[in-house]
Number of protein chains: 2
Amino acid sequence: MSSNVTLKHIAEALGVSAMTVSRALNNRSNVDARTKRRILEKARSMGYTPNHVAKSLVSSKTYTIGVVIPEITHAFFPEVVRGIEEEVYTSEYQLFLTNSNEQFSREKDAIRALLSKRVDGILISSSQTEEDFEFYKELVQSDTKIVFFDRCIEGIGASCVSVNDRESSRQITSHLVEVHNYSRIAYLSGPQNVSIGRKRLEGFLKALNEHEVRIRNEWIVEAGFREEEGFRAMKKLLETTAGERPEAVVTINDPCAIGAMRAIEEAGLSVPEDMAIVGFTDDIRAPLLKVPLTTVHQPAYEVGKKAACKLIHTIEDENEAVENLEVPTTLKIRASCGCMRS
Amino acid sequence: MSSNVTLKHIAEALGVSAMTVSRALNNRSNVDARTKRRILEKARSMGYTPNHVAKSLVSSKTYTIGVVIPEITHAFFPEVVRGIEEEVYTSEYQLFLTNSNEQFSREKDAIRALLSKRVDGILISSSQTEEDFEFYKELVQSDTKIVFFDRCIEGIGASCVSVNDRESSRQITSHLVEVHNYSRIAYLSGPQNVSIGRKRLEGFLKALNEHEVRIRNEWIVEAGFREEEGFRAMKKLLETTAGERPEAVVTINDPCAIGAMRAIEEAGLSVPEDMAIVGFTDDIRAPLLKVPLTTVHQPAYEVGKKAACKLIHTIEDENEAVENLEVPTTLKIRASCGCMRS
DNA sequence: TTGTAGGCGTTATCAC
DNA sequence: GTGATAACGCCTACAA
């Protein structure tokens, strides 16, 4: 497939050496202007396409970045990818996209494959669990250039780009207490072996503590990042709390909240009258729902752009600092929390 | 970055030749079981990662596929990408993802870069215009393995995977006429230099002709694939039809319809009472809208999977036939057309 | 079963 | 300004 014309072919056709052709094609100074023109002309007419595989072998640089995301259909990630795309496009890198489908084994497979393809660096939003911490530690120690985004693993020597999950979660929870005076608040959590799962829960608990609202462990249900998981967790919560229902529910993210809203509706209850609910992400669907979702807006595009930018700097400059970058969130107050009640 | 351990290093450490190491690592039969075990052991302890760049140079096969999509944030495409991902994951290929951002110049840049990286084949959803037809013709003639999906260029010798756009468009338009008896129907079209832009418009016109409904050229407004374009086109349509408004509007796709609905709302009109509207895609948001959108469901995941499958066959078998594959659509009847009126 | 030679397409280096 | 040579890491083909 594609051009099998090589430097040598052009060289032979013109009676010069491959080296001269290489120099001409790469705009080196020390080539006679006339020969250069002849070479460029011939290269075009023969349909020459430079072979980056060979270039990479010599330079051990591929101008390629691997991206590992857990779920391409969660609307947050395509937006992140667009940010990454935009950044690498201007820097002439290309993207290997891999989808771990929330499975750590696939994540590891993907990374190993990327390493074999000798990518210059990797952007990762991990679906990792505690146990697998070691894997990334070794990766960083072997001098692999890595930047985490959104779902980070901190303290192992790699940079991270994310939002302030703990604080944002605290804020949106506080909104429920301060503005709406809810005191019976439940939580649909993410997996506790994922950093944002822990941090968002911590923020939730912190808010309750600050306002001296009672924390009930049986009202903290592990759901997950996906709509179906939110749906199931909410069903479970409704069953176990038939007597005394929560007034409000905080969720790990928007897909989870959307699933939960479906469960609430199916139970014949209404949002926010019977139960208020808030999310996290600001999914593309959030403002369009029958009851628009109050949530934390994460600037996905910015996260992607910043992460890609940081990675490229890390690749191109040995001395680039390792740091945790944060992009600011904003609260999106809509109807599902009880504001704007009609 | 990453392992700089090579076959030679392992060979030296063990006092064997690089060739023996290569054979052991690639599971060839002709290696002594004991030496093999020693080599595998050593490779692991030294942290060897095979260098696919070098492999590719030898085999001129990269196990890499390029994907060119026009807009990663249009919800249809991430779903397609997931389908592609799933297919290539099982076939051990990896994906270069590129986003043309609906610009043909970026699309060409992307393809040239992919060609230089010597991808084994390319999946394309084109943002092409008539003039640029030549580009793809040459690509196919140079024996580049290509499969188009969704936005296809037919008749140039490359396979296509798409839905039956003309027929689906005819069906949803017929629904408006047959079920709802609308006779004043407008159309927000896609670009006419893109195949699906033309085909969907043809289907619309065919339906009107079949039912002897009057076609008014001034009610066919070129919008585009994006929400903002739908919004603007609808505003324009509302201005120019102040006297006699259309009863219903057919749109090129869901984002366009969603933008148009916003324009309708801002004009103080309501859907479907003042104006019915239908889309095409079945965007993730379609069922969640305040007035759920009647639309054509395109099985995006299937499209991706089928296209990737076809491409891999085309890559691996010289004799794989060139064909136009169609995946069936279904009509999603919701409220925006006037059905299920409350 | 194992090793040697040569080459994939490109570039760095040194010589002319 | 241009060319020969070696090297990047691996594999095919042939030899031992």
Side-chain angles (χ1 to χ4, degrees), chain A residues 1-40 42-43 46-64 112-120, chain B residues 1-40 42-43 46-64 112-120:
Chain A
M1 122 145 209
S2 97
S3 146
N4 27 16
V5 183
T6 71
L7 291 185
K8 213 194 284 182
H9 297 145
I10 302 178
E12 279 165 7
L14 252 40
V16 297
S17 78
M19 217 28 243
T20 304
V21 179
S22 169
R23 282 193 267 254
L25 259 24
N26 287 287
N27 256 321
R28 299 300 174 80
S29 52
N30 47 353
V31 183
D32 182 81
R34 279 237 320 286
T35 5
K36 181 168 171 181
R37 203 164 322 128
R38 281 173 59 218
I39 290 171
L40 261 42
K42 200 71 182 174
M46 293 179 77
Y48 172 77
T49 319
N51 185 331
H52 271 277
V53 176
K55 275 194 187 191
S56 297
L57 187 58
V58 175
S59 64
S60 61
K61 176 110 174 76
T62 56
Y63 284 95
T64 284
R112 277 193 272 263
L114 292 171
L115 253 25
S116 271
K117 295 252 163 93
R118 293 294 187 267
V119 294
D120 296 329
Chain B
M1 122 145 211
S2 98
S3 145
N4 27 16
V5 183
T6 70
L7 292 185
K8 213 197 281 181
H9 296 146
I10 302 178
E12 279 165 7
L14 252 39
V16 298
S17 78
M19 224 18 252
T20 305
V21 178
S22 168
R23 283 192 268 252
L25 259 24
N26 288 288
N27 255 320
R28 299 301 174 81
S29 52
N30 47 354
V31 183
D32 182 80
R34 280 238 319 285
T35 7
K36 181 168 171 181
R37 204 164 321 128
R38 282 172 60 217
I39 290 172
L40 261 42
K42 200 70 182 174
M46 294 179 76
Y48 173 76
T49 318
N51 185 329
H52 270 278
V53 176
K55 274 193 185 184
S56 296
L57 188 58
V58 175
S59 64
S60 63
K61 176 109 173 76
T62 57
Y63 283 97
T64 284
R112 277 193 272 263
L114 292 171
L115 254 23
S116 272
K117 295 252 163 91
R118 294 294 188 267
V119 294
D120 296 329

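By convention in this document, chain letters (A, B, ...) are assigned in the order of the sequence lines, proteins followed by strands, and residues within each chain are numbered from 1.
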Is B:Val58 touching bases, backbone alone, or none of the nucleic acid, heavy atoms closer than 4.0 Å?
base

When you measure from the side chain of A:Asp120 to the backbone of A:Tyr63, do you find a donor-acceptor pair of N or O atoms at a distance under 3.5 Å?
yes

Just compare D:dG9, D:dG3, C:dG9 and give me whichever is closest to any side-chain atom of B:Thr6.
D:dG9

Does the B:Asn51 side chain pair with the main chain of B:Val53, one donor and one acceptor, at a distance under 3.5 Å?
yes

Would you say A:Thr35 places a side-chain N or O within less than 4.0 Å of OP1 or OP2 belonging to D:dG1?
no

Does a side-chain N or O from A:Lys55 land closer than 4.0 Å to OP1 or OP2 of C:dT11, or not?
yes

So if I take every side-chain heavy atom of A:Asn26 and compare against D:dG9, C:dT11, D:dG1, which nucleotide ends up nearest?
C:dT11

How many Å lie between CD1 on A:Ile39 and P on D:dG1, as a whole number?
13 Å

Just to be sure I understand the rule, does B:Val53 reach a base, reach only the sugar-phosphate, or reach nothing, if contact means heavy atoms closer than 4.0 Å?
nothing

C:dA12 OP1/OP2 closer than 4.0 Å to side-chain N/O of A:Arg28:
yes

What is the separation between atom CG on A:Leu57 and atom P on D:dC11, rounded to the nearest whole Å?
12 Å

Nearest of C:dC8, D:dC8, C:dT2 to any side-chain atom of B:Arg23?
C:dT2

Could you check how far CZ of B:Arg38 sits from C1' of C:dT2, rounded to whole Å?
13 Å

Taking the minimum atom-to-atom distance to the side chain of A:Thr20, which one of D:dG9, C:dT11, D:dT2 wins?
D:dT2

Counting only N and O atoms by type, is there a donor-acceptor contact under 3.5 Å from the side chain of B:Asn26 to the main-chain atoms of B:Arg28?
no

C:dG3 OP1/OP2 closer than 4.0 Å to side-chain N/O of B:Ser17
yes

Of the listed nucleotides (D:dC10, C:dT10, D:dG9), which one gets closest to any side-chain atom of A:Leu7?
C:dT10

Between P on C:dA15 and CG on A:Asn30, what's the gap in Å once rounded to a whole number?
16 Å

Is any side-chain heavy atom of A:Lys117 less than 4.5 Å from a side-chain heavy atom of B:Thr64?
yes

Can you tell me how far P of C:dT2 sits from NZ of B:Lys8, to the nearest Å?
20 Å

Roughly how many Å is it from OH in B:Tyr63 to P in D:dC10, rounded to a whole number?
17 Å

How long is the line joining NZ of B:Lys61 and C1' of D:dC10, in whole Å?
17 Å

With the side chain defined as heavy atoms from C-beta on, B:Met19 is closest, among C:dT4, D:dT2, C:dG9, to C:dT4

N/O (side chain, A:Ser60) to phosphate O (OP1/OP2, D:dC8) under 4.0 Å:
no

Separation between NE2 of A:His52 and OG of A:Ser59, rounded to the nearest 0.5 Å:
9.5 Å

Using OP1 and OP2 only, check whether a side-chain N or O of A:Ser56 sits under 4.0 Å from C:dT10.
no

Rounded distance (Å) that lies between atom C1' of D:dG1 and atom CG of A:Leu25:
17 Å

Taken to the nearest 0.5 Å, the spacing of A:Leu25 CG from A:Leu7 CG works out to 6.5 Å

Closer to the 5' end of DNA chain D via nearest nucleotide, is it B:Ser22 or A:Ser59?
A:Ser59

